[in-house]
Amino acid sequence: MGRIAYVNGAFERHGEAAVHIEDRGYQLADAVYEVWALFDGRLADPEGHFARLERSLSELKIPMPMSRRALTVVLRETVRQNRVKDGLVYLQVSRGVAPRDHAFPTDPVSPAMIITVKAIDRAAAEAKAAKGVSVITTPENRWGRCDIKTVGLLPNALAKQAAKERGAAEAWFVDELGFVTEGASSNAWIVDADGTLRTRDTNANILRGVTRYTLLDLIRETGMKVDERPFTPAEAKAATEAFITGAGALVLPVIAVDGAPVGKGVVGPVATRLRRLYIERARETAI
Ligand code: PDD
């Protein structure tokens, strides 16, 4: 059986699923999205992703297309129809379909919603995590509301492509003061020489990563020290370890920044442990 997509109330064959040409998400990036990791066919970190979806929509004055409970049913049904155990669920909600105009439609329109599901090879993901990945840095050039998870991802896409062309897995944006904000699709972390974990605070113009929050809870439970404070690429190179977090990356060790090794240039014990702890917690709490 092939992949199935949910499109505005219907389950359709993935290859044929389509949205209207005047969907405001398509024309104006007037849309938000969420991504859940799937463990054994269940949604990881459900509460954090639902809460952020509601917040992103409310910041853009787009109504929730359905209740959280109904949305959970639809998400799980889409996962079930795709028969995916390990993977990612993508949800996108746009303001809807209306004749092209920058201002919101004057006649009320219903939000448009699509869901897709992608399988992930967990064994390959674990092998990648065991080796670690490289990142590059690139000047921050995104808008000032990166806390809203909109589909306006052109700077992120260009940064990720630049990373790929240089053999790296992620690009870290660096603000005008020289501090790393976050990755193109992940949050950025380092481990200081004294073992303190460091990641940028959420007053900065970054996405409030759900994986980041769950990991902060886990770190505090283990008694490890953590400091929500920005770091520079130079500090990352001088750190003992670095890693990125996100629904796709989970906790992924970073072994080089702009071609320079982080610490000994190999995957370290802190990131390895945090990846294991995160996956355990995500499995326990997935719905
Ligand atoms: N990206 N920062 C950015 C810019 C992101 O796009 C993401 C997630 C994160 C991590 O957030 P979370 O832990 O809630 O997944 C941080 C998703 C996975 C994506 O765009 O596919």
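Note that ligands are numbered from 1 as they come in the structure, with each ligand's atoms numbered from 1 the same way. Throughout, numbering of the chain's residues begins at 1 and tracks the sequence. Both backbone and side-chain heavy atoms feed into the values below; hydrogens, waters and symmetry mates do not.
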Next on the checklist: Between the side chains of K149 and E59, is the shortest nitrogen-to-carboxylate-oxygen separation below 4.0 Å, so that they form an ion pair?
Outcome noted: no
Subject >> Expected output: side-chain H49 to main-chain V210 donor-acceptor under 3.5 Å >> reply: no
The option among S186, G209, G248 carrying the non-hydrogen atom nearest to atom 16 (C) of ligand 1 is S186
Atom 15 (O) of ligand 1 has as its nearest protein heavy atom A247 N, 2.8 Å
- Message: T137 vs D258, test: side chain to side chain donor-acceptor pair (under 3.5 Å). Steps then yes/no.
- Response: CA-CA 6 Å; T137 61; D258 287 331; 2.5 Å; yes
Ligand 1 atoms nearer than 4.0 angstrom to some heavy atom of H49 are 14 (O)
Within the 4.0 Å heavy-atom cut-off, what V210 brings close to ligand 1 is both
**Asked** Polar-atom distance check: R142 versus ligand 1, any N or O pair below 3.5 Å?
**Response** no
Using modelled atom types only, decide if a donor and an acceptor are shared between the side chain of D45 and the backbone of W36 within a distance under 3.5 Å.
no
Atoms of ligand 1 under 4.0 Å from any heavy atom of E182, numbered from 1 in the order shown, are 2 (N), 3 (C), 4 (C), 16 (C)
Polar contact flag, side-chain donor to acceptor under 3.5 angstrom, Y6-N82: no
Ligand 1 atoms nearer than 4.0 angstrom to some heavy atom of A184 are 4 (C), 6 (O)
Is there a donor-acceptor contact under 3.5 Å from the side chain of D192 to the main chain of D194? no
Closest to atom 21 (O) of ligand 1 among protein heavy atoms sits V35 CG2, 3.7 Å
In T181, D175, N187, the residue satisfying side chain to side chain donor-acceptor pair (under 3.5 Å) with R200 is D175
Close approach of G183 to ligand 1, heavy atoms, under 4.0 angstrom:
yes
shortest atom 6 (O) of ligand 1-to-protein heavy-atom contact is with S185 CA, 3.4 Å
*ligand 1 contact by K149, heavy-atom criterion under 4.0 angstrom*: yes
among protein heavy atoms, the one nearest atom 20 (O) of ligand 1 is Y33 OH, 2.7 Å
With L274 as partner, the option from T222, L218, L215 fulfilling side-chain contact (heavy atoms from CB on, under 4.5 Å) is L215
Logged contact type for A249 with ligand 1, heavy-atom cut-off 4.0 Å, is neither
**Prompt:** Hey, are E280 and Y278 close enough side-chain-wise for a donor-acceptor pair under 3.5 Å?
**Reply:** no
For N187, the atoms of ligand 1 under 4.0 Å from one of its heavy atoms are 10 (C), 16 (C)
Counting from 1 in the order shown, the ligand 1 atoms closer than 4.0 Å to a non-hydrogen atom of T245 are 10 (C)
Rounded to the nearest 0.5 Å, the CG atom of L154 sits from the CG atom of L158 at a distance of 4.5 Å
If you scan protein heavy atoms around atom 13 (O) of ligand 1, the nearest is T211 OG1, 2.6 Å
